[in-house]
Amino acid sequence: MKSAVIPHHIAIVMDGNGRWAKRRFLPRLAGHKQGVESLRRCAKACVERGVKVLTVFAFSSENWNRPTDEVDGLMQLLAGALAKEVPSLARDGIRLFFVGERASLSAKVQAGLVQAEEATASNDRMVLNVCFNYGGRWDIAQAAARLQAAGSAITEASMAQAMALSHVPDPDLLIRTGGEMRISNFLLWQAAYSELVFSDKWWPDFDEQALDASIAEFNQRERRFGKTSEQVAPGASSVTV
Ligand code: IPE
Ligand code: IPE
Ligand code: MG
C-alpha cells in the first residue's frame, strides 16, 4: 500500500470546547482547560508523525465579544499554560511562536509570550504557531499597513513577506473540529490552497485517531493548484501535450 503523505504544515481551528463542557454540565472554562490537554496531545502526535509546522487558532479577534469572565479565564489559562507547558514542549523539540495582535493583551500575558518563545527558540523538530488575538483580516491589514509605512510596493510577494506567518510555508491541511464548516476569520490569505477537512469531534475529543483520519482524508485529495488532473496525476509527463 502507498504510504501516506504527511502534510508539512497543518493548521487547526480548535472548536467545540464549550459544547464539550456543556455536555458534561461543566462551565465553559473546563472545556478550554481540556482543550489545552488536547493541544498538548495533538502537538506531540504531530511531532511523532513528522509534521514540521502546526498552527492552531486559540483566540480570535472576535472572541473578545464573549462574556468577560470567559475572556478573563482564557487569558489566565494562556498565562498559566505557558509557564507549565514550556518544559514538555522542549522535551518534544517544539518551537513556539505566538501569532496575533499583542498590544491589547495585558503586560503580564505579553511578557509570558516573549518568555515562552525565547525558552523554546533552540527547538527544531516542529514549529507550533499559536494564533492568539488573531484574525485573518487583521493580518492582511497589518501587512498592508507595514508595507505602506515602509513605502514598499504592495505585491503578492511583499504581502506574503509581511504577513504574520511569513516564517513558515502556507498550510497544506486545514482542519476545523466541532462540526462547523466555516473559516471564522482564520488564515484568509495563507489558506488559499489548503485542503479543508472538517471533523465532527469537539476539540477536547480530537485524539491521535482523529488526527490520522484527517491526514488520511488529506491523502485522498488531488491538489491541482489550478492545473488539470492530467497535469498533476502521478506519472504525468512534464511535457504538456
Ligand atoms: C473554541 O471552542 C475555543 C475558543 C474559541 C477560545 P469554543 O469555546 O468556541 O466552543 P464552542 O464552539 O462554544 O463549543
Ligand atoms: C473560532 O471559533 C475561533 C477559535 C477556535 C479560536 P469560534 O467558536 O469563535 O467561531 P464561530 O464564532 O463559531 O464562528
Ligand atoms: Mg466555537
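All residue numbers in this chain count up from 1 along the given sequence. For ligands, and for the atoms within them, numbers begin at 1 and follow the listed sequence.
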Cation-pi, Trp20 ring and Arg23 (6.0 angstrom, 45 degrees): no
The Mg ion (ligand 3): protein N, O or S atoms [distance under 2.8 Å]: Asp15 OD1
Residue His32 vicinity, atoms of ligand 1 by number, heavy atom under 4.0 Å: 3 (C), 6 (C), 8 (O)
Closest approach of Phe206 to Lys201 (non-hydrogen atoms, all atoms of both residues): CA-CD, 4.2 Å
Counterpart residues, ring-ring contact (aromatic ring centres under 6.0 Å, His included), relative to Phe132 (two or more places apart): Phe59
Any N/O pair Trp20/ligand 1 closer than 3.5 Å: no
Show the distances, to 0.1 Å, for all pairs joining an N/O atom of ligand 2 and a protein N/O atom that are shorter than 3.5 Å, listing one pair per line.
| residue | atom | partner | partner atom | Å |
| --- | --- | --- | --- | --- |
| ligand 2 | 8 (O) | Asp15 | OD1 | 3.1 |
| ligand 2 | 8 (O) | Arg66 | NH2 | 3.2 |
| ligand 2 | 9 (O) | Asn63 | ND2 | 3.0 |
| ligand 2 | 9 (O) | Arg66 | NH2 | 3.4 |
| ligand 2 | 10 (O) | Arg176 | NH2 | 3.4 |
| ligand 2 | 10 (O) | Ser184 | OG | 3.4 |
| ligand 2 | 13 (O) | Arg182 | NH2 | 2.8 |
| ligand 2 | 14 (O) | Arg182 | NE | 2.8 |
| ligand 2 | 14 (O) | Ser184 | OG | 2.6 |

Atom of Ala103, atom of Gln110 and distance for their closest heavy-atom approach: O-NE2, 3.5 Å
CZ (Arg137) with more than 12 external heavy atoms under 6.0 Å: no
Any donor-acceptor N/O pair, Ser61 side chain to Tyr134 backbone, under 3.5 Å: yes
Non-hydrogen atoms of Ile215 and Val5 that approach each other most closely: CG2-O, 3.8 Å
Main-chain N/O of Ala162 paired to Gln142 side chain as donor or acceptor, under 3.5 Å: yes
Atom of Ala11, atom of Pro171 and distance for their closest heavy-atom approach: CB-CB, 3.9 Å
Residue pairs involving residues 26-53 (criterion ring-ring contact (aromatic ring centres under 6.0 Å, His included); sequence neighbours excluded): none
